[in-house]
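Read through the structure below, which is laid out as structure tokens, and then see the notes.
Quick note: numbers below take in every heavy atom, side chains included, and nothing from hydrogens, waters or symmetry partners. The first residue of the sequence shown is numbered 1, and numbering continues consecutively from there.
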Amino acid sequence: MKMRLIFLFLFVTLFMVSKLTLALPSSETLKAIQQINEHGPYLGLVVPNAYEMDPLLQSQHFKPSKTFPILDLQGRRFHIGRIHKHGVIVVMSGLSMLNSGLTTQLLLSFFSVKGIIHFGIAGNADPSLYVGYVTIPQYWAHTGLWNWQRFGDGPNDELSLEVDGDYTRKLGYLHFTKFTTPSGNSDNLLNNVWYQPEEVFPTTGTPEVREHAFWVPVDKHYYQIAKKLENFTLESCLNATTCLSHTPKVLRVEKGSSANVFVDNGAYRDFIHTKFNITAIDMESAAVALVCLEQGVPFIVIRALSDLAGGSSQSNEASVFGGLASQNAADTTIQFLKLLS
């Protein structure tokens, strides 16, 4: 009987080890990660797409590692090198909240990272700013988590599951009737959507005890350093014939938001700016912010405004100025690294 128990224990142990091995990188990859981390900690640079990442990787300031210039891991390619005096690991996440969150967590799980810089382009919800400006919001929110209220219910009616603490009316709502044409006075079957905070589980918290977060602040030290960028010179011309009608600037702003939605709608642009004082709108930054919040890692987001998010009568400006905005975002990130102590 004793021998059977020992055999069973060994069998289960070997089975669990084999399952764990299948979930982890190869021993060769793990060895490479260990060697890379010996030269850390690094600053992690997370960027959504190749056209936003390439200006940084092609910059004279990015010096690839001679030992491990790249490492491929679970569908992502990590570029290891230096910018100014900082060791950096640059990774492209791909579009959307899911991809940016997964990539940020992957970066933090395997590599020795002391902080995250997320950069790229964004839509602009602030009518006082222009395409080409680079914005650095102090707070980020995920504005795609909704409780969609049934037709006939209003602001005074309790939301489904609100009594259990799952949902709240504290943040406010979007009332579709206000955007019904022509008069805006008729009922609309879409009724109201109520904005909701994310459930978060910080590493310093109690497992399975949820906390909530809507506005996630960037790192105070990083944000203070970013003030020194406000006199940084940005590109205003895409080429010899295509230039902005104004001189772009780097500005610290109050708020940015993310959702799995490309916003090219003037009514929603006006609403989200009026309701929440949001400037930059994108599809990734809030996920990066939420992962960093849970992991207790300092972060900052640098987003160049590529379009007016539906705020003009013309076609979306990103098709013309997306490349210029990407260059300005990368240049500002490089300058931030120069200033960061």
Side-chain angles (χ1 to χ4, degrees), residues 94-102 104-105 122-123 125 137-217 254-295 301 309-310:
L95 190 72
S96 84
M97 296 277 287
L98 174 64
N99 278 321
S100 57
L102 284 172
T104 303
Q105 184 61 67
Q138 186 176 10
Y139 299 94
W140 282 90
H142 175 202
T143 50
L145 185 57
W146 293 352
N147 184 308
W148 207 314
Q149 202 169 26
R150 68 172 60 196
F151 178 71
D153 285 355
N156 296 322
D157 293 300
E158 187 176 276
L159 300 176
S160 299
L161 304 181
E162 183 179 4
V163 68
D164 298 321
D166 292 310
Y167 298 102
T168 178
R169 287 171 291 169
K170 292 180 181 179
L171 296 172
Y173 64 101
L174 167 61
H175 186 42
F176 284 96
T177 296
K178 290 186 177 181
F179 302 96
T180 300
T181 57
S183 65
N185 294 322
S186 61
D187 286 337
N188 189 309
L189 293 177
L190 294 176
N191 202 21
N192 308 315
V193 291
W194 293 81
Y195 289 83
Q196 301 299 317
E198 285 276 4
E199 290 186 358
V200 293
F201 298 87
T203 56
T204 55
T206 303
E208 297 185 354
V209 176
R210 60 186 177 179
E211 299 178 21
H212 291 90
F214 189 71
W215 295 115
V216 181
E254 186 180 9
K255 295 173 179 176
S257 73
S258 308
N260 283 331
V261 179
F262 184 90
V263 177
D264 193 26
N265 182 277
Y268 188 71
R269 173 192 195 247
D270 292 343
F271 165 79
I272 204 164
H273 177 69
T274 302
K275 182 69 179 179
F276 297 117
N277 195 29
I278 284 167
T279 296
I281 309 174
D282 67 33
M283 301 174 71
E284 295 86 20
S285 296
V288 176
L290 287 160
V291 170
C292 289
L293 173 67
E294 290 202 332
Q295 299 298 316
V301 177

- So, does Asn260 use its side chain to make a donor-acceptor pair with the main chain of Ser96 at under 3.5 Å?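 No, the answer is negative, given that no donor and acceptor are paired below the 3.5 Å cut-off.
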- Item | Heavy-atom donor-acceptor pair, Ser100 side chain to Met97 backbone, under 3.5 Å | yes
Write down the atom of [X], the atom of [Y], and the distance for their closest heavy-atom approach.
X	Y	value
Ala287	Gly101	CB-N, 3.9 Å
Ala122	Asp282	CB-CB, 4.2 Å
Pro137	Ala280	CG-CB, 4.4 Å
Trp148	Val193	CD2-CG1, 3.1 Å
Asn265	Tyr268	OD1-N, 2.9 Å
Ala289	Val216	O-CG1, 3.8 Å

- Message: For His175 and Tyr173, take the angle between the two ring planes, folded into 0 to 90°, and tell me which bin it lands in: parallel under 30, tilted 30 to 60, perpendicular over 60.
- Response: perpendicular
- Task: For the residue pair Tyr139 and Trp215, categorise the inter-ring angle as parallel (less than 30°), tilted (30 to 60°) or perpendicular (more than 60°).
- Result: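 The arrangement is perpendicular - the two ring planes meet at more than 60°.
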Per-pair distances, 0.1 Å, donor-acceptor, side chain in residues 151-158, under 3.5 Å, sequence neighbours excluded:
unit_1 : atom_1 : unit_2 : atom_2 : d
Asp157 : OD2    : Gly154 : N      : 2.7

- Message: I'd like to know whether Val301 forms a side-chain contact (heavy atoms from CB on, under 4.5 Å) with Val288, so could you lay out the CA-CA distance, the side-chain angles of the two residues, the decisive distance to 0.1 Å, and finally the verdict.
- Response: CA-CA 9 Å; Val301 177; Val288 176; 5.6 Å; no
- The complete set of salt bridge (charged side-chain N to carboxylate O under 4.0 Å, His left out) pairs with one or both residues in residues 254-275, sequence neighbours excluded, reads none
- Task: Give every residue pair that meets the salt bridge (charged side-chain N to carboxylate O under 4.0 Å, His left out) criterion with at least one member in residues 207-217, sequence neighbours excluded.
- Result: Asp166-Arg210, Glu199-Arg210
- Item | Criterion side-chain contact (heavy atoms from CB on, under 4.5 Å) on Thr143 and Ile278, from CA distance to verdict | CA-CA 10 Å; Thr143 50; Ile278 284 167; 4.2 Å; yes
Reported [atom1]-to-[atom2] distance for the pair [X] and [Y], which is rounded to 0.5 angstrom:
X	Y	atom1	atom2	result
Leu98	Glu284	CG	CD	11.0 Å
Thr168	Leu161	OG1	CG	13.0 Å
Arg150	Asn191	CZ	CG	10.5 Å
Phe214	Leu171	CZ	CG	5.0 Å
Cys292	Trp140	SG	CH2	13.0 Å
Met283	His142	CE	NE2	10.0 Å

- Query: Does some side-chain heavy atom of Leu189 sit less than 4.5 Å from a side-chain heavy atom of Phe176?
  - Reply: no
- Tyr167 atom OH, over 12 foreign heavy atoms within 6.0 Å: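 Incorrect, the count does not exceed 12.
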- For Gln105 and Gln295, what are the C-alpha separation, side-chain angles and deciding distance, and is it a side-chain contact (heavy atoms from CB on, under 4.5 Å)? CA-CA 9 Å; Gln105 184 61 67; Gln295 299 298 316; 3.2 Å; yes
- Stepwise side-chain contact (heavy atoms from CB on, under 4.5 Å) test for Phe179 and Leu174: CA-CA 10 Å; Phe179 302 96; Leu174 167 61; 3.4 Å; yes
